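None of the values given here were measured: they were computed from a predicted structure. Read the numbers this way: they start at 1 and go in the same order the structure lists the ligands and their atoms.
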Amino acid sequence: MSNIDLTLQIWRQKNSDALGKLETYTLDKISTDMSFLEMLDVLNEKLTMEGIEPVAFDHDCREGICGMCGAVINGVAHGPEKETTLCQLHMRHFKTGDVLVIEPFRSRAFPIKKDLVVDRSAFDKIIQAGGYVSVNTGGTPDGNAIPISSHIAELAMDAAACIGCGACVASCPNGAAMLFTSAKISQLCLLPQGHAERKKRALSMVETMDKEGFGNCTNLRECEAVCPKSISIRNIARLNREFVRAAFSEG
Ligand code: FES
């Protein structure tokens, strides 16, 4: 274990209407065993002792599961480590003297609520538009009653790994939510239980995505590069096929 000294430039903004700006703080003797969020906890304790309002940031599980955490570190959503959420990023990846610029996930569809906290309820609305199976699928079937190839099961499980953190939107110059939406559509349309509602789902989720102010995908792949769960843009190709099939078919 070793300790490092850091300079932090953190986006401070009182509320969604206020103007924000970067404030500079210094932290000494930060253990490299700490996670990034634990480092922010230490900062907040220091700020509280000094009578300064602590930095607001989102978090819940701190295990890379829930998708609540997220910030842009030196221009990269979730920081410099690949396939890693902010809560799983450790301070051993930084060195003493580093200057870290910490900003919220910025996007038109994710208004800033306070400091590093953004409103990601637009994602909830996309899910509410069709990210579920509502048809009656009967009782619990035998494990082998509906044969699904291991390849298809793997693709569905890979898509289901999306935790909805929003890093894809924050890193996309177009502010597109295509990676998120396509993962949610893929995990359902690949499996037989999701087939009955696939047309309605594709049309409704894409319509909601547009209505919530997300941009369009132009295949820049920034989303895929920062996704902590390695969601592939192949899912976006699948979403496009689902949408075209639904838009040009009857019923
Ligand atoms: S706090 Fe749950 S994924 Fe980071």
Holding to side-chain contact (heavy atoms from CB on, under 4.5 Å), I want the full list of residues that pass it with A56, two or more places apart in sequence or in another chain. K114, D115, V117

Please list all pairs meeting side-chain hydrogen bond (donor to acceptor under 3.5 Å, both in side chains) that have one or both residues in residues 200-212, counting only residues at least two apart or in different chains. none

Between the side chains of K46 and D41, is the shortest nitrogen-to-carboxylate-oxygen separation below 4.0 Å, so that they form an ion pair? no

When you compare the side chains of N174 and T218, does any donor N or O come within less than 3.5 Å of an acceptor on the partner? yes

To which residues is V226 joined in a hydrophobic cluster, defined by side-chain heavy-atom contacts under 4.5 Å among Ile, Leu, Val, Met, Phe, Trp and Tyr, whether direct or through other members? V76

Side-chain donor-acceptor pair present, S134, E197, cut-off under 3.5 Å: yes

Taking 2.8 Å as the limit, list every protein N, O or S atom around atom 2 (Fe) of ligand 1, by chain and residue number. C61 SG, C66 SG

